[in-house]
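Any value given below was found using the heavy atoms of this structure, including those in side chains, with hydrogens, waters and symmetry copies removed. Numbers here simply count residues along the sequence, with the first being 1.
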Amino acid sequence: MNTHRTAVTKLNEQSLPHLPDTVQIPKYDRHQVTNGIVHIGVGGFHRAHQALYLDNYLHQTSDRHWGVCGIGLLEYDKKMRDALQSQNCLYTLVERSPESDRARVIGAITKYLFAPDDRQAVINAMVDPKCRIVSLTITEAGYYYIEGTGELDVNHPTIQHDVQYPNEPIGVFGFLTAALSQRLQAGYKPFTVLSCDNLQGNGKIAQKMLISFAQLQDPELAHWVAENVTFPNNMVDRITPATTPADVEMVRTQFGIEDGFPVVAEPFLQWVIEDNFCAGRPDWESVGVQMTDDVHPYEMMKIRLLNASHLLIGCLGTLVGYTYVHDVMADPLIRQAVDRLMNEVTPTLQPVPGIDLDDYKKTLIERFANPKIRDQLPRLCLYSSAKIPKFLLGSVRDALNQNGAVEYMSLAIAAWFRYLKGQDEQGNPIPIDDAMADVLTQRANTGGSDPHSLFELTEIFGDLSQSSHFVKTVAKHLQNFDQLGVKETLAQLMQH
């Protein structure tokens with residue numbers, strides 16, 4: 001790796017041959033690739049995960065039917081549009097381990113559409129018979145799913161808009177419904193909808209929400225979707241922090257590439273998919289994807305161990321004043337709390353075929369501690385009201401039913417409640433980036449050390465406020481945070 005490179009090359013198709021030899025580039029002819037996949041929500045994770053698997057697939061096989069047409073639905077996606085469209089949809093992926101950095105240019109995305117520019121173009125991409133899978137990384141909040149009831153939030157302004165203006169959708173279900181409706185009218189087969197978000201039973205949730213939405217607009221279409229569209233569950237895993245200006249500079253100085261929106265990720269990579277595709281799929285097994293009949297045990301493992309730990313790390317670390325995950329993991333008290341949280345959750349898991357859970361947990365601690373990833377705590381805490389029920393509360397319910405321990409799960413909830421007050425222990429402001437931010441911060445601040453007003457939010461907690469043992473344990477930790485601070489609370493807890 002030449003860190004003294006002076007020549008910097010702007011990334012695009014013409015410049016590929018001029019990139020340094022240390023950078024792997026697409027060796028297949030991208031002009032021969034057709035987009036069998038339309039992907040909604042092209043962020044860092046999709047580009048470090050699904051698009052990488054497809055790039056490997058295009059390198060290893062002669063099958064050219066599985067390129068990606070990327071879609072951005074939100075105004076926020078403008079930056080991605082500008083970067084990708086100016087780079088022929090190429091971008092640099094850097095895998096960072098403590099030992100080394102490896103860069104490669106990914107070519108699997110061959111087109112990028114920004115919905116606010118041209119909604120019909122987005123619908124057309126999904127109506128095209130060559131499109132056989134529409135995949136999603138739209139975050140947990142993108143499903144308009146009411147946690148307490150499991151139903152679609154029909155009163156959400158986006159859902160209301162899309163029901164009223166079916167040809168001018170703004171939300172994901174409006175676009176999917178418009179495209180499926182046109183496919184039905186044209187006599188085309190449907191596509192598979194592949195949710196790649198961190199939701200347990202992500203396929204089932206996508207199915208229920210889409211059919212519920214279609215029912216509001218066109219009951220006949222809803223019936224056709226229910227009968228013909230498949231929604232495989234799948235589990236995705238790779239820690240991918242948000243791209244920072246420092247990452248852009250690192251790609252420039254270390255690899256001599258000027259890339260408007262590179263992506264950085266850890267070396268670890270996993271994808272387990274339920275084999276249920278109504279319109280065909282790539283031979284994913286050839287590039288290391290695990291196809292299975294039952295994703296559920298893998299999803300539970302990843303969501304309840306990795307994602308729940310991320311919440312605890314994010315909230316405790318922010319309160320103490322850390323910025324990066326690896327710094328939090330260098331704090332022995334928090335590291336031990338994370339370890340104990342995982343051990344407390346483990347009895348709620350099902351056996352996971354081919355996985356040794358003790359090894360998996362050990363690997364997680366190592367992954368979190370990787371100093372090269374520089375994963376920032378606000379990313380872990382983002383949209384936490386949507387994450388808490390999905391990542392933590394299922395384990396709480398199962399542990400309570402098993403008469404198991406909930407000490408560290410309660411600690412995680414108490415840390416979140418304390419975090420919602422919007423100030424760390426030094427009095428610095430914490431920005432709460434959450435759809436429910438106003439009600440959460442107001443209740444956290446008026447409640448003080450009493451968690452009851454937050455527990456009354458049934459859309460998050462359902463009936464868990466009925467468990468006096470759980471509520472009391474959360475209240476104890478919350479009082480200790482207020483009276484003793486985070487470090488002393490953890491120190492006392494570790495003595496038991």
Side-chain angles (χ1 to χ4, degrees), residues 1-3 5 7-33 35 37 39 42-64 66-68 70 80 83-112 137 236-244 246-271 282 284 286-289 367 370 372-375:
M1 191 191 308
N2 182 356
T3 51
R5 177 175 303 281
V8 173
T9 307
K10 168 71 183 153
L11 180 61
N12 55 40
E13 213 150 68
Q14 285 66 46
S15 67
L16 284 177
H18 309 296
L19 297 183
D21 297 342
T22 51
V23 178
Q24 184 183 329
I25 61 171
K27 294 286 198 288
Y28 50 90
D29 182 353
R30 295 175 76 229
H31 298 279
Q32 299 298 312
V33 175
N35 293 326
I37 298 176
H39 183 83
V42 178
F45 184 77
H46 171 72
R47 296 186 302 144
H49 189 275
Q50 299 97 23
L52 167 67
Y53 276 105
L54 290 162
D55 194 66
N56 287 340
Y57 184 75
L58 291 166
H59 274 110
Q60 290 182 28
T61 73
S62 57
D63 181 357
R64 295 286 171 263
W66 298 105
V68 179
M80 187 68 74
L84 289 182
Q85 290 183 352
S86 71
Q87 295 173 182
N88 304 114
C89 294
L90 296 165
Y91 61 91
T92 316
L93 166 63
V94 183
E95 290 183 4
R96 308 200 81 179
S97 70
E99 298 73 44
S100 68
D101 295 341
R102 291 190 322 173
R104 69 186 271 186
V105 173
I106 304 292
I109 300 174
T110 68
K111 190 174 186 182
Y112 184 87
T137 45
V236 296
D237 191 3
R238 182 171 229 191
I239 295 172
T240 310
T243 300
T244 65
D247 297 327
V248 175
E249 186 55 30
M250 176 268 293
V251 169
R252 186 186 169 87
T253 53
Q254 250 174 254
F255 299 103
I257 302 173
E258 189 181 314
D259 183 337
F261 215 142
V263 61
V264 167
E266 65 170 340
F268 183 92
L269 189 67
Q270 190 178 21
W271 198 4
W284 266 312
S286 67
V287 288
V289 179
R367 290 167 63 194
N370 179 349
K372 282 289 199 65
I373 290 301
R374 300 184 69 75
D375 201 3

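- Residue Asp259 comes nearest to Leu11 through the heavy atom pair OD2-CD2, 3.6 Å, listed as atom of the first residue, atom of the second, then distance.
- Residues Tyr91 and Ile109 come closest through the heavy atom pair CE2-CD1, 4.0 Å.
- Ser86 is linked by a side-chain contact (heavy atoms from CB on, under 4.5 Å) to Lys10, counting only residues two or more places apart in sequence or in another chain.
- Counting all heavy atoms, side chain and backbone alike, Arg64 lies closest to Leu58 at NH1-O, 3.0 Å.
- Here the side chains of Arg47 and Leu93 are not in contact, with every heavy-atom distance at 4.5 Å or above.
- Annotation: ring pair (Phe, Tyr, Trp, His ring centres under 6.0 Å) contacts of Tyr53 (sequence neighbours excluded): His49, Trp271.
- Checking side-chain atoms of Arg374 against main-chain N and O of Ala246 turns up no donor-acceptor pair under 3.5 Å.
- Within the 4.5 Å cutoff, side-chain heavy atoms of Trp66 are placed close to those of Ile37.
- Checked by atom type and distance alone, the side chain of Asn370 pairs as donor or acceptor with a backbone atom of Arg96 at under 3.5 Å.
- A donor-acceptor distance shorter than 3.5 angstrom exists from the side chain of Arg30 to the backbone of Gly107, with no hydrogens or angles considered.
- Counting heavy atoms from C-beta outward, Thr137 and Gln50 have side chains that approach closer than 4.5 Å.
- Looking only at side-chain heavy atoms (C-beta outward), Val68 and Cys89 stay at 4.5 Å or farther from each other.
- A distance of 10.0 Å separates CD in Glu95 from CG in Asp101, rounded to the nearest 0.5 Å.
- Between the side chain of Asn56 and the backbone N or O of Val287 there is no donor-acceptor pair closer than 3.5 Å.
- Judged by distance alone, with hydrogens and angles left aside, the side-chain atoms of Asn88 form no donor-acceptor pair with the main-chain N or O of Leu90 at under 3.5 Å.
- For Ala83, the side-chain contact (heavy atoms from CB on, under 4.5 Å) test picks out Phe261, with sequence neighbours left out.
- Note that CE of Met250 is 8.5 Å distant from NZ of Lys372, once rounded to the nearest 0.5 Å.
- Nearest approach of Val33 to Gly67, heavy atoms of both residues: CG1-CA, 3.4 Å.
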Decide yes or no on side chain to side chain contact (heavy atoms under 4.5 Å, CB included) for Tyr112 and Val42, but give the supporting numbers first. CA-CA 9 Å; Tyr112 184 87; Val42 178; 3.9 Å; yes

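- Residues Val263 and Ile106 have side chains not in contact (no heavy-atom distance under 4.5 Å, counting atoms from C-beta outward).
- At least one side-chain heavy atom of Asp237 sits under 4.5 Å from a side-chain heavy atom of Arg367.
- Heavy-atom neighbours of Lys111 NZ from other residues, nucleotides or ligands within 6.0 Å: at or below the threshold of 12.
- Shortest non-hydrogen contact noted between Val94 and Ala103 is CG2-CB, 4.2 Å.
- Heavy-atom minimum distance, Ala242 versus Asp247: O-OD2, 3.8 Å.
- Here the straight-line distance linking atom OH of Tyr28 with atom OG1 of Thr61 works out to 10.5 Å at 0.5 Å rounding.
- Side-chain atoms of Thr240 never come within 3.5 Å of backbone atoms of Ala265 as a donor-acceptor pair (strictly under, hydrogens ignored).
- Of the candidates Leu52, Ile25, Leu19, Arg104 forms a side-chain contact (heavy atoms from CB on, under 4.5 Å) with just one, namely Leu52.
- The backbone N or O of Pro282 lies less than 3.5 Å from no partner atom in the side chain of Tyr57, so there is not a single donor-acceptor pair.
- A donor-acceptor pair is defined here as one N or O able to donate and one able to accept, closer than 3.5 Å; no such pair exists between the side chain of Glu266 and the backbone of Ile373.
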